[in-house]
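Since the model is a prediction, treat every value here as computed from it, not as a measurement. Residue numbers begin at 1 in each chain, while the letters A, B, ... track the order of the sequences.
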Protein chains: 2
Amino acid sequence: MEARPTYDEKLLRILRESAAIFAAKGYHRASIRDISAATDVSLSGLYYYFKSKEELLFLIQDHCFGTLHHRLDEELEGNTDPVARLRIFVRNHLRFFLSNQAEMKVLSHEADVLTGEHRAAVQKRKRAYAAAAETILTELGPPGGVEPRSATFALFGMMNWIYTWHRPDVDPDADRLAEQMTHLFLHGYRTPIAEGVETLPERSGGGRGDAPSIWRTD
Amino acid sequence: MEARPTYDEKLLRILRESAAIFAAKGYHRASIRDISAATDVSLSGLYYYFKSKEELLFLIQDHCFGTLHHRLDEELEGNTDPVARLRIFVRNHLRFFLSNQAEMKVLSHEADVLTGEHRAAVQKRKRAYAAAAETILTELGPPGGVEPRSATFALFGMMNWIYTWHRPDVDPDADRLAEQMTHLFLHGYRTPIAEGVETLPERSGGGRGDAPSIWRTD
DNA sequence: TTCCCGATCGAACGCTCGTCCGGTACTCCC
DNA sequence: GGGAGTACCGGACGAGCGTTCGATCGGGAA
C-alpha cells in the first residue's frame with residue numbers, strides 16, 4: 001500500500017515537472033495546462049500550491065540557486081588552497097548543472113522574467129553566488145593580463161553555456177569537464193599577456209566603420 | 001522633401017525594430033501589436049512584409065547569421081597564421097556581437113523557437129559557422145589536454161554569454177575583449193595538463209551520490 | 001453522527017494573441 | 001479616363017491564456 005504524499009512532497013514533484021516543461025518549451029510558451037497534464041493535477045488544483053505562474057517560476061529558481069550555493073559552501077569548507085578552491089567551485093557548478101539540467105536551464109534562460117520582489121530575491125541570491133566566485137578568483141592573486149570582471153564572466157560563460165550543447169552520451173562528465181575548464185581558465189588567467197605580440201594590426205583600408213551594423217543596405 | 005523609403009528599406013527597419021523588441025521582451029512575450037506600435041505600421045500592414053511571426057524571427061536570424069559569417073570570411077581572407085586567424089575569429093565575433101546586441105541576443109536566446117524549414121535553414125548556417133571555427137582550432141595543432149569539442153564550446157560560451165553582462169560604459173570594448181578571450185583560451189588550450197597535479201581528490205565520506213539531484217526531501 | 005477543514009475539481013470569465021478579410025488610396029501605364 | 005498592381009489599413013474571428021469561484025470529497029475531532 002502506497003502512502004499518500006505529504007504537501008511538501010507533492011509540491012516538490014510539481015516543481016520538478018514544471019522545471020522540465022519550462023526547460024523544454026520556455027516559460028512563456030509553456031502553459032499551466034501543460035503542467036496540469038504532466039502532473040495529473042487539475043488546472044485549479046495547482047493553484048493550491050502556488051499563487052501564480054510567476055510564483056511557480058520563482059519557487060523553482062529560488063530553490064535551485066539556494067541549493068547550488070549551499071552545496072558550494074559545504075564543498076569549500078576547510079579548504080584553503082586557492083587553486084583547489086577554484087577547482088572545487090567549477091566542479092560543484094558543473095556537477096550541479098549536469099545533474100539538474102532542466103532547473104539550471106530555467107535559471108539561465110529565464111533569468112529576466114521575474115518582476116518585483118521575486119526578481120529582487122533571486123538577484124540577491126545571484127549576487128551572493130557571484131561574490132563567492134569573485135572571492136575565489138581574488139585569492140588566486142592578480143591576473144596576468146585579463147581584467148578580473150571580464151575573466152569572471154568568461155568563466156561563467158563557459159560553464160553556463162553547457163546546456164546548449166552537452167550530450168551525456170558523447171561528452172565528458174561533469175568532473176572531467178571541470179578539470180578541463182579549470183585548466184583552460186587558470187593558465188590564461190595567470191599567464192601575462194606578451195606586449196606587442198598578442199595584438200592584431202588594424203585591417204588596412206577596410207573603409208568600414210569599426211562597429212558596423214548588421215543592417216547593410218546593399 | 002524626404003524621399004519615400006523603398007520596400008527593402010522599410011523591411012530592414014521593421015526587422016531592426018522587431019529585433020530590439022524580441023531582445024527586450026523575448027520572442028513569445030513580444031506581440032505583433034508591440035511591433036506595430038514601435039514601427040508605426042498597422043497590425044495588418046505588417047503582414048505585407050512577412051507571412052507570420054515565425055517568419056519574422058527567421059528573417060532576423062537568417063540575416064544576422066549570414067552577415068556574421070560573411071564578415072568572418074572577409075576578415076580571414078589572405079591570412080594564414082593560425083594564431084592570427086583565431087584572433088581574427090574572436091574579434092570578428094565580439095565586434096559583431098557588441099555592435100548588434102539585440103540581434104545577437106535574439107540569435108542566442110531564441111535559438112530553438114523556429115520549426116520546420118526555417119529551423120533547418122538557420123541550423124545549416126550555424127553548422128557552417130561552427131565548422132569554420134573548428135577548422136581554425138584544428139589549424140592550431142593538437143590541444144594540450146582539453147578535448148577539441150569541449151574547448152570549442154567553451155570558447156563559444158565565453159563569447160555568447162556576453163549579452164548577459166556587458167555594459168558598454170564600464171566594460172572593455174570588443175577589440176580588447178577579443179584580446180583577453182583569445183589569450184585566455186589560447187594558453188589553456190595549448191598548455192598540457194600536468195598529470196596528477198590537476199585532479200582533485202574525491203571528497204571523503206560525503207556519503208552523498210556523485211550526482212545528487214536538487215530536489216532534496218529533507 | 002455531525003462538523004470542520006485541508007485538498008481538489010469542473011466550469012467559466014475576461015483578456016490577449018496571431019492571423020485574415022474586405023476595402024481603399026495612390027501611382028504608373030495604356 | 002480606365003485598368004492594374006503595390007502598399008496599406010480597420011475590424012473582426014477563433015483559439016488559447018492565467019486566473020477565479022463555488023462545490024465536493026474524505027478523514028479526523030467532538
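- Near DNA chain C, defined here as any heavy-atom distance below 4.0 Å, the residues from residues 41-52 of chain B are B:Leu43, B:Ser44, B:Tyr47, B:Ser52, listed numerically.
- Closest approach of A:Phe58 to A:Ala121, counting heavy atoms only: CE1-CB, 3.7 Å.
- In this structure, B:Gln123 places its CD atom where more than 12 heavy-atom neighbours from other residues, nucleotides or ligands lie under 6.0 Å away.
- Between B:Ala19 and B:Ile60, the closest heavy-atom pair is N-CD1, 3.8 Å.
- Interface limits on DNA chain D: the 5'-most and 3'-most nucleotides within less than 4.0 Å of chain B heavy atoms are D:dT6 to D:dA12.
- The distance from atom CD of B:Glu147 to atom OG1 of B:Thr152, rounded to the nearest 0.5 Å, is 11.0 Å.
- Applying the salt bridge (Lys or Arg N to Asp or Glu O under 4.0 Å) test to every pair with at least one member in residues 32-53 of chain A, sequence neighbours left out, gives these pairs: A:Lys25-A:Asp34, A:Lys51-A:Glu55.
- Heavy atoms of other residues, nucleotides or ligands lying less than 6.0 angstrom from CD of B:Glu139 number more than 12.
- Aromatic pair A:Tyr129/A:Phe89: ring centres closer than 6.0 Å.
- To the nearest 0.5 Å, atoms CD1 (B:Ile35) and CG (B:Leu56) are separated by 5.0 Å.
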Write down the protein N/O and nucleotide N/O pairs, taken from nucleotides 24-29 of chain C, whose separation is under 3.5 Å; answer none if there are no such pairs.
none

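- Aromatic ring centres of B:Tyr49 and B:Tyr7: separated by under 6.0 Å.
- Not counting sequence neighbours, B:His166 has no partner by the ring pair (Phe, Tyr, Trp, His ring centres under 6.0 Å) test.
- Between atom CZ of residue A:Phe96 and atom CG of residue A:Leu72 there is a gap of 11.0 Å, rounded to the nearest 0.5 Å.
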Give the intermediate values and the outcome of side-chain contact (heavy atoms from CB on, under 4.5 Å) for residues A:Asn92 and A:Leu68.
-> CA-CA 8 Å; A:Asn92 180 68; A:Leu68 173 65; 3.9 Å; yes
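- The stretch residues 16-39 of chain B touches DNA chain D through B:Arg33, each having a heavy atom under 4.0 angstrom from the strand.
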